[in-house]
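First the proteins, then the strands, lettered A, B, ... as listed; each starts at 1. Quick caveat, the model's predicted, so the values are computed rather than measured.
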There are 2 protein chains.
Amino acid sequence: MTTSSTSNARGSGRGQRVTIADIARRAGVTSAAVSLAVNGRPGVSDATRTRIIDIARELNWEPSPAARALAGAPVLTVGMVLARPADVLGNEAFFGAFVAGLQEVLSAQDYSLQMKIVDSPEAEIETYRRWFAQRRVDGVVMVDLRVDDPRIPALEDLGQPALVIGGPGHHGSLPSVYVDDAHATHLLVDHLVSHGHRRIARVAGTAEFLHTSERDQAFLARCQELDVDGVLQDAGFGAQDAAVATAELLTLAAPPTAIVFDSDEMALAGTHVLLESGIEVPGGIAVASYEDSPLARTHRPAITAIGRSAVEYGRLAATRLLEIVAAGRGRPQPEVTGGAEQTGSSVEVRAIEPILVVRGSTDPSADTAPPSGPNRG
Amino acid sequence: MTTSSTSNARGSGRGQRVTIADIARRAGVTSAAVSLAVNGRPGVSDATRTRIIDIARELNWEPSPAARALAGAPVLTVGMVLARPADVLGNEAFFGAFVAGLQEVLSAQDYSLQMKIVDSPEAEIETYRRWFAQRRVDGVVMVDLRVDDPRIPALEDLGQPALVIGGPGHHGSLPSVYVDDAHATHLLVDHLVSHGHRRIARVAGTAEFLHTSERDQAFLARCQELDVDGVLQDAGFGAQDAAVATAELLTLAAPPTAIVFDSDEMALAGTHVLLESGIEVPGGIAVASYEDSPLARTHRPAITAIGRSAVEYGRLAATRLLEIVAAGRGRPQPEVTGGAEQTGSSVEVRAIEPILVVRGSTDPSADTAPPSGPNRG
DNA sequence: GACTGTTACTATAGCGCTCAAGTAGGGGTG
DNA sequence: CACCCCTACTTGAGCGCTATAGTAACAGTC
């Protein structure tokens, strides 16, 4: 490249930064005019604006986020904190794709994502507090919604733009986006029932997560509606837990003919237990998962799963959060007068419609061709 | 706008921020003294310092990163950009753990990690350029080192703190940390040979990555040294590629008795191909992987793998990067005079010693107990 | 007692940007 | 032609912090 020549003017500092003052000088206007021009705000003529922008580009000017932030402009950063054991992140197919979807939308709007991994909900709340206190972020997205989640009131208190991933419900007065787990459950159960299964087990992940209980309820309700046996087997979220839970199901007097797992990792672990026990999948017991992943796709038999399209989920979340941030900017002061807490129930919420991807683990005819099916969101 | 409400003094702002001026007023000193005090710089007496710090704490003061950055202080943020297809992130056990390790060290020093996913090396370079131009980050960590990587000269040009993950070599004049892949290769090959294998295949990932070619070379060299057959089979990094490569190996006149895969995902896919072909693992063909993961652990047979301790890797990287950032602060200008490129070879580099975790896929006696073995870094 | 040296601060000037308020100039209106 | 309004700017202040002079007070030296 050797961009070295063109720019560098005077001696010392590493970065003899180009500032709007430089642009202003060259354009024969004041820096305020430059500010208006480059930010697309009214107050300068079109001619001047384009001239200024051209000069800015020519000078290779980059705005200083620090100066902008200090002067009260948005910092163009949103945050996400994860309170999970460190390496869980690595196992989760969902997570990476979700982040990718977030990034895609954020980057397009020149926003960046700041992430932090902490080890407790308290630390998470403290991080939100500091982030907003320091004006490090314009908004946050909160994941892993739990039942009676202490982070909800904390974020409500902060009164800053925040988006909850998960629901419906339990997100207080905060906006949320979520996957319709009840619907997903119906898809799974209906599919299995349509394939003749009358005794279905659900190996459930950690109960404290909201979506787990959502699924539990939907599962039992749907089984009852369709008049089939629904067996609920609790487990943790790990592969090991799923393996144990699966083994336990096999000891039942009347074992299920199909098992639905809460994640791809769990489904895989469970499948191995079945195969090791000499039970064919899906011949002996059919297997399905709430979470799709490349792993679930490549596995033989490939695992029937809910295609949550985590990437799309991330995109939706980012879009929604940016709306919230923008709106928050619109109304600097949230109307102190008037009745309290009126907004509570009227927060707009958006859901993702789950789809079912049928594969060999429930339907032997599905795995004929090498996997090249529905892939990315 | 009715600014009448409780707190706000003047104008609009939502948060009547506590500033060092407030602290100064209460302490009866100037804000400069406060700055010295809270930053642990000499220039104030111990008595005054503690008094100031107490008041700061009492007032719940949080420093403004924007103001600090604007005034020339470090921004306490490091960046990492990933040029990968979006959902690959989700498959990689390594990646999440690596990030976790990074975060652990960074958070402890009050640094944050900024991440960005882009879709090309050019976009990645551009991101670095902008990050530094905008002073958004104090330094960056570069991952997925390739052979003849264009990002290396680009980062060298920028002349900003940057740490390369990968090596040895090919990182130009930039500091790097890496896993000793040659050593890892020796561990794997030696292990297999010691178990009687005389014909070993290596299913290699994408050739453009530096570590792939490192492994290739080390593999062939070691096989020759030990006088065993070494078969190199190229593949991509996907499960599908690995499956195809494995299938191809089976068509050889003299198929290998052991296969080493470049990642856990590949190893799993390959293992399934073997099992489907009626070949027992490790009875028929033994399997090992360069990458450990919970998946590799839970799989039956569990996969023998190199425990790279990605978390530890991340920790080391963060520690090293912070050192570099700190050093960069010390010498504002890297000696313009003197011969060019002299520093080239003298950059300190650190390596992680790989370890071998033997499991059932190469040694049937290893899988007796349920998996509870070496876990996190 | 005029000199230098410390120590412990203060004063002041930015960093680069945004924003509210002010003003010049031109056009339309009565 | 005095009036007002609009556009297209300029002025000036200030965001919260850091950095570099500067100064006052006190001790030690010859």
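Here the C1' atom of nucleotide dT18(D) and the CG atom of Leu76(B) are 14 Å apart, to the nearest Å. Here the P atom of nucleotide dC9(C) and the CD1 atom of Ile20(B) are 15 Å apart, to the nearest Å. Regarding Arg135(B), its CZ atom lies at a distance of 10 Å from the P atom of dG16(C), rounded to whole Å. Atom CZ in Arg51(A) sits about 11 Å away from atom C1' in dC9(D), given to the nearest Å. Rounded to an integer number of Å, the gap from CD1 of Ile52(A) to P of dT18(C) is 12 Å. The distance between atom CG of Leu59(A) and atom C1' of dG16(C), rounded to the nearest whole Å, is 15 Å. Taking atom CG of Leu36(B) as the reference point, atom P of dA21(D) lies 15 Å away to the nearest angstrom. In this structure, Leu70(B) places its CG atom 12 Å from P of dG16(D), rounding to the nearest Å.
Salt bridge Glu124(A)/Lys116(A): absent, no basic N to carboxylate O contact under 4.0 Å. Comment: Asp22(A) engages Arg25(A) in a salt bridge, judged by a side-chain N to carboxylate O separation of less than 4.0 angstrom. Ion pairing between Arg17(B) and Glu62(B) fails under the 4.0 Å rule for side-chain N and carboxylate O. Arg130(B) and Asp110(A) are joined by a salt bridge, as a carboxylate oxygen and a charged side-chain nitrogen come within less than 4.0 angstrom of each other. A salt bridge between Asp46(A) and Arg51(A) is absent, with no side-chain N of the basic residue lying under 4.0 Å from a carboxylate O of the acidic one.
Phosphate proximity of dC17(C) to Arg68(A): absent, as no side-chain N or O sits under 4.0 Å from OP1 or OP2. Contact annotation: Arg41(A) reaches the phosphate of dC19(C) (side-chain N/O to OP1 or OP2, under 4.0 Å). Contact annotation: Ser45(A) side-chain N/O to dC9(D) OP1/OP2 distance is under 4.0 Å. OP1 or OP2 of dC9(C) sits under 4.0 Å from a side-chain N or O of Thr48(B).
Residue-level contact check: Pro42(A) touches neither bases nor backbone, having no heavy atom under 4.0 Å from any strand. Residue Arg49(B) is out of contact with every strand shown, counting any heavy-atom pair closer than 4.0 Å. Residue Thr30(A) is classed as a base contact, given a heavy-atom separation below 4.0 Å to a base.
With dG12(D), dG16(C), dC9(C) as the candidates, the nucleotide lying closest to the side chain of Ala32(A) is dG12(D). With dC15(D), dT18(C), dT10(D) as the candidates, the nucleotide lying closest to the side chain of Val29(A) is dT10(D). Closest approach to the Asn39(B) side chain among dC9(D), dT18(D), dC17(D) is made by dT18(D) (side chain taken as heavy atoms from C-beta onward). For Ser35(B), taking side-chain heavy atoms from C-beta onward, the closest of the listed nucleotides dC17(C), dG16(D), dT18(D) is dT18(D). Of all nucleotides listed (dC9(D), dG16(D), dT18(C)), dT18(C) comes nearest to the side chain of Ala71(A).
A side-chain N or O of Ser112(B) and one of Gln114(A) form a donor-acceptor pair less than 3.5 Å apart.
Under the 4.5 Å side-chain criterion, counting only non-hydrogen atoms from C-beta, Val75(A) is in contact with Asp138(A).
Between the two ends of the helix from dG1(C)-dC30(D) to dG30(C)-dC1(D), each summarised by a five-pair axis, the helix axis turns through 50° (rounded to 10 degrees).
Ser64(B) contributes atom OG, which lies 8.0 Å from atom CZ of Arg135(A) (distance to the nearest 0.5 angstrom).
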